[in-house]
Amino acid sequence: MPGDAYWIASGYSKPGEDDIAMLRLSPQGILTKVAGLCQGESPSFLALKGDRLYAGCEGAKSAKVIAYQVAEDGFRQAGSFEAQGGGLCHLTLVPGLVMGSCYGTGDFFALDEDLGREVWRYTPPEDGIPHHAHCAAYHREALYGVDLGGESILRFAREGEGFSSVPTVTELPKGTGPRQMIFCGEGEGYLMTEQANTVWPFWLEGERLRLGTPVPCSAKEEPKGYPASACLSQTGTLAVPVRGADCLSIFQEQGGKLDRAAVFACDGRWPRFAAWAEQERFLLVCSQRDHRVTCYRYEKECLLPVSFMDMPGASCCVLWQSQGKDGRDHEKNTTVEARLGDQRV
C-alpha cells in the first residue's frame with residue numbers, strides 16, 4: 001500500500017517457527033507479517049545491501065553467513081559460507097566485504113560479497129584474556145573492532161583486499177565492557193559499554209580513541225543495565241535499548257554535551273535491538289525474551305506501543321524499502337550505511 005515500509009526481522013531459532021520475516025509497517029505504525037522463513041540456525045543478526053540480505057547464524061561453535069535475495073514474496077538463498085570461529089553475533093558491510101564478529105572466540109573475519117571466500121581474518125592472541133569480538137565499524141578506510149572481553153578497540157588499516165594483520169589498540173578502563181560503537185560524524189561517535197551501563201562520546205586522535213564524559217544509560221543500579229544495539233537518527237537522536245532495566249533511553253547533544261533526555265519503560269523484556277523508522281516517528285524494538293518486535297510511536301514526552309509481531313528470540317530488524325504516498329519506491333536500503341553502527345533513517 002502507498003506509504004508502507006518493509007522491514008526484515010530475525011531472531012534466535014525455535015523449532016518449526018519462522019526466524020526471518022518480512023514485516024510491513026503502515027503509516028499508522030501497524031506491523032503485518034507478509035513473508036517468513038524458518039532458517040533454523042539462529043540468524044540473530046542481519047545486514048542488508050539493496051535486495052541482498054546477509055544473515056549471521058549465532059552457533060556456539062560455528063560462524064555461518066547466509067545470503068538471501070529478497071523479493072516481495074519472500075527470500076531465496078543465494079549463497080553461504082561457514083568461517084572458523086564461534087558465537088558469530090554481528091555483521092558489518094564495508095565496500096566489497098561482509099565482516100563478521102565472533103563473540104565466542106574473539107575472531108574478526110571478512111568475506112567477499114558473494115560469500116565465495118574468506119579475504120581476511122584476525123584471531124586474538126592466547127594471552128589469558130577472554131576476548132569477545134562483539135561488533136565492528138568502518139570509518140576513514142579503517143576497521144574498528146570492539147573487543148568486549150578485552151575491553152579495547154582495535155583499529156585495522158585497510159590493506160589490499162582486507163586489513164592490516166596487527167591492530168592499533170585503544171585500551172579502555174577496566175569494567176567498561178564495550179559492546180557497540182557508532183560513528184556520527186567525521187572522527188567522532190558514541191561507544192556503548194555493556195558492563196559500565198554507559199554511553200561514552202569519543203573522538204579519533206590519530207589511530208586511537210579519546211573518550212569524553214560517560215553518561216549512564218539508566219538510573220537503575222540493580223540489575224545491571226547491559227545496554228544493547230543502539231540506533232542514531234538523521235537528526236542525531238540516539239536510542240539505546242537497556243536490557244537489564246527493560247527500558248529505552250534517549251540521548252541528544254545539548255550545547256556540545258551529550259545528555260540523557262528521557263528514559264522510557266519498555267513494553268517487552270530484554271530489549272536487544274532498536275531502529276528508527278519513518279523519520280523518527282516510530283521506533284522498532286526487538287525484545288528477545290518476549291519474542292516480539294514492537295513498533296512504538298515516539299514523541300518527546302512519551303513512547304507509545306502501537307503494534308507488535310511475534311518473532312522467536314527477536315534480536316534484529318533492518319529496513320528493506322519504503323514507499324511514498326504515490327506508491328512509488330521512496331527509499332531503499334542500497335548503501336553500506338544501513339549497517340549497524342551507521343543506521344540512519
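One is the number of the first residue; the rest follow in order along the sequence. Bear in mind that the values here come from a model prediction, so they are computed numbers and not experimental data.
Side-chain contact check for P173 versus W200: some heavy-atom pair is nearer than 4.5 Å. For the pair Q180/L191, no side-chain contact is recorded, criterion being any heavy-atom separation below 4.5 Å from C-beta on. At a threshold of 4.5 Å between non-hydrogen side-chain atoms, the residues L248 and V240 do not count as touching. Within the 4.5 Å cutoff, the side chain of Y68 has no heavy atoms near those of the D51 side chain. With contacts defined as side-chain heavy-atom distances shorter than 4.5 Å, the pair P227/R243 does not qualify. In this structure, the side chains of R292 and M311 stay at 4.5 Å or more apart for every pair of heavy atoms. For the pair V215 and T198, the minimum side-chain heavy-atom distance is 4.5 Å or more. L25 is listed as a side-chain neighbour of C295, based on a closest heavy-atom distance under 4.5 Å.
The aromatic ring centroids of F202 and F183 lie less than 6.0 Å from each other. The aromatic ring centres of W276 and Y298 sit less than 6.0 Å apart.
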In residues 249-256, what donor-acceptor pairs under 3.5 Å come from side-chain atoms, sequence neighbours left out?
{"from": "S249", "atom 1": "OG", "to": "C217", "atom 2": "O", "distance (Å)": "2.3"}
{"from": "Q252", "atom 1": "NE2", "to": "T237", "atom 2": "OG1", "distance (Å)": "3.2"}
{"from": "E253", "atom 1": "OE2", "to": "Y190", "atom 2": "OH", "distance (Å)": "3.0"}

Donor-acceptor pairs under 3.5 Å, side chain of residues 146-156 to any protein atom, not counting sequence neighbours: which ones?
{"from": "D147", "atom 1": "OD1", "to": "H132", "atom 2": "N", "distance (Å)": "3.0"}
{"from": "D147", "atom 1": "OD1", "to": "G149", "atom 2": "N", "distance (Å)": "3.3"}
{"from": "D147", "atom 1": "OD1", "to": "G150", "atom 2": "N", "distance (Å)": "2.8"}
{"from": "D147", "atom 1": "OD2", "to": "H131", "atom 2": "ND1", "distance (Å)": "2.6"}
{"from": "E151", "atom 1": "OE1", "to": "G175", "atom 2": "N", "distance (Å)": "3.3"}
{"from": "E151", "atom 1": "OE2", "to": "G175", "atom 2": "N", "distance (Å)": "2.8"}
{"from": "E151", "atom 1": "OE2", "to": "T176", "atom 2": "N", "distance (Å)": "2.9"}
{"from": "E151", "atom 1": "OE2", "to": "G177", "atom 2": "N", "distance (Å)": "3.1"}
{"from": "R155", "atom 1": "NE", "to": "Y144", "atom 2": "OH", "distance (Å)": "3.3"}

Listing, residues 9-16 side-chain donor-acceptor contacts under 3.5 Å, not counting sequence neighbours, or none:
{"from": "S10", "atom 1": "OG", "to": "P43", "atom 2": "O", "distance (Å)": "2.7"}
{"from": "Y12", "atom 1": "OH", "to": "E58", "atom 2": "OE1", "distance (Å)": "2.7"}
{"from": "Y12", "atom 1": "OH", "to": "E58", "atom 2": "OE2", "distance (Å)": "3.4"}
{"from": "Y12", "atom 1": "OH", "to": "R272", "atom 2": "NH2", "distance (Å)": "2.8"}
{"from": "S13", "atom 1": "OG", "to": "D19", "atom 2": "OD2", "distance (Å)": "2.6"}
{"from": "S13", "atom 1": "OG", "to": "E41", "atom 2": "N", "distance (Å)": "3.3"}
{"from": "S13", "atom 1": "OG", "to": "S42", "atom 2": "N", "distance (Å)": "2.6"}

Show the numbers, then the answer: is there a side-chain contact (heavy atoms from CB on, under 4.5 Å) between F273 and Q288?
-> CA-CA 9 Å; F273 188 100; Q288 183 180 344; over 6 Å; no
Is there a side-chain contact (heavy atoms from CB on, under 4.5 Å) between I8 and L23 once you walk through the steps?
-> CA-CA 6 Å; I8 301 172; L23 306 178; over 6 Å; no
Take T32 and S307, measure what side-chain contact (heavy atoms from CB on, under 4.5 Å) needs, and give me the verdict at the end.
-> CA-CA 9 Å; T32 306; S307 65; over 6 Å; no
Would you check, one step at a time, whether the test salt bridge (Lys or Arg N to Asp or Glu O under 4.0 Å) holds for R179 with E194?
-> CA-CA 6 Å; R179 179 184 176 92; E194 179 173 302; 2.8 Å; yes
Would V70 and W320 count as a side-chain contact (heavy atoms from CB on, under 4.5 Å) if you check the C-alpha gap in whole Å, the side-chain angles of each, and the deciding distance to 0.1 Å?
-> CA-CA 9 Å; V70 183; W320 177 42; 3.7 Å; yes
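Taking all atoms of both residues into account, the shortest heavy-atom contact from F108 to C135 is CE2-O, 3.5 Å. Shortest non-hydrogen contact noted between A55 and L91 is C-CD1, 3.8 Å. Summarising the geometry of W203 relative to L211, their closest heavy-atom pair is CZ3-C, 4.2 Å, with the distance given to 0.1 Å. Here the shortest heavy-atom pairing between P271 and P241 reads O-CB, 3.4 Å. Closest approach of H139 to G185, counting heavy atoms only: CE1-O, 3.3 Å. Residues A35 and G74 approach most closely at CB-CA, 3.8 Å, considering heavy atoms.
Interatomic distance, CZ of F264 versus CG of D246, reported as 16.0 Å (0.5 Å rounding). Going from atom CG of L143 over to atom OG1 of T92 covers 7.0 Å, rounded to the nearest 0.5 Å. W7 contributes atom CH2, which lies 5.0 Å from atom CG of L319 (distance to the nearest 0.5 angstrom). A distance of 6.0 Å separates CG in L53 from CD1 in I20, rounded to the nearest 0.5 Å. Remark: S44 OG to L88 CG distance equals 7.0 Å, nearest 0.5 Å. Rounded to the nearest 0.5 angstrom, F308 CZ and H291 NE2 are separated by 12.5 Å.
For the residue pair D107 and T123, a side-chain donor N or O sits within less than 3.5 Å of a side-chain acceptor on the partner. With no hydrogens or angles considered, a side-chain donor-acceptor pair links E280 and S233 at under 3.5 Å.
A salt bridge links D18 with K33: the distance from a Lys NZ or Arg NE/NH1/NH2 to an Asp or Glu carboxylate oxygen falls below 4.0 Å. The residues E113 and K49 are annotated as salt-bridged, a charged nitrogen and a carboxylate oxygen being separated by less than 4.0 angstrom. Ion pairing between a basic and an acidic side chain is recognised when a charged N comes within 4.0 Å of a carboxylate O; E161 and R117 show such pairing. Remark: D4 engages R24 in a salt bridge, criterion side-chain N to carboxylate O under 4.0 Å.
Looking at W120, its side chain does come within 3.5 Å of a backbone N or O of F163 through a donor-acceptor pair. Between the side chain of T170 and the backbone N or O of L209 there is at least one donor-acceptor pair closer than 3.5 Å. Under the 3.5 Å distance criterion, the side-chain polar atoms of T105 are matched with a main-chain donor or acceptor of G86. D290 contributes a side-chain N or O that, together with a main-chain N or O of R269, makes up a donor-acceptor pair within less than 3.5 Å.
Atom CD of E171 sits in a sparse spot, with 12 or fewer heavy atoms from other residues, nucleotides or ligands closer than 6.0 Å. The environment of CD in Q77 is crowded: more than 12 heavy-atom neighbours from other residues, nucleotides or ligands sit within 6.0 Å.
Note on I66: it clusters hydrophobically with M22, by side-chain heavy-atom contacts below 4.5 Å among ILVMFWY residues. Hydrophobic clustering places Y122 together with V94 (ILVMFWY residues linked when any side-chain heavy atoms are closer than 4.5 Å, directly or through intermediates). Neither V285 nor V263 shares a network with the other; the hydrophobic side chains, linked directly or stepwise wherever heavy atoms of I, L, V, M, F, W or Y lie under 4.5 Å apart, form separate groups for each. Side-chain heavy atoms closer than 4.5 Å link hydrophobic residues (I, L, V, M, F, W, Y) into clusters, and following such links, possibly through other members, connects V34 to L37. Each of Y103 and V65 belongs to its own hydrophobic cluster when Ile, Leu, Val, Met, Phe, Trp and Tyr are linked at side-chain heavy-atom distances under 4.5 angstrom.
Taking the side-chain contact (heavy atoms from CB on, under 4.5 Å) definition, one finds that D114 meets it with D112, sequence neighbours left out. For E118, the side-chain contact (heavy atoms from CB on, under 4.5 Å) partners are F81, A83, F109, L111, R121, not counting sequence neighbours. Not counting sequence neighbours, E299 has no partner by the side-chain hydrogen bond (donor to acceptor under 3.5 Å, both in side chains) test.
Screening C317, C316, S315 against L46 for a side-chain contact (heavy atoms from CB on, under 4.5 Å) leaves a single residue, C316.
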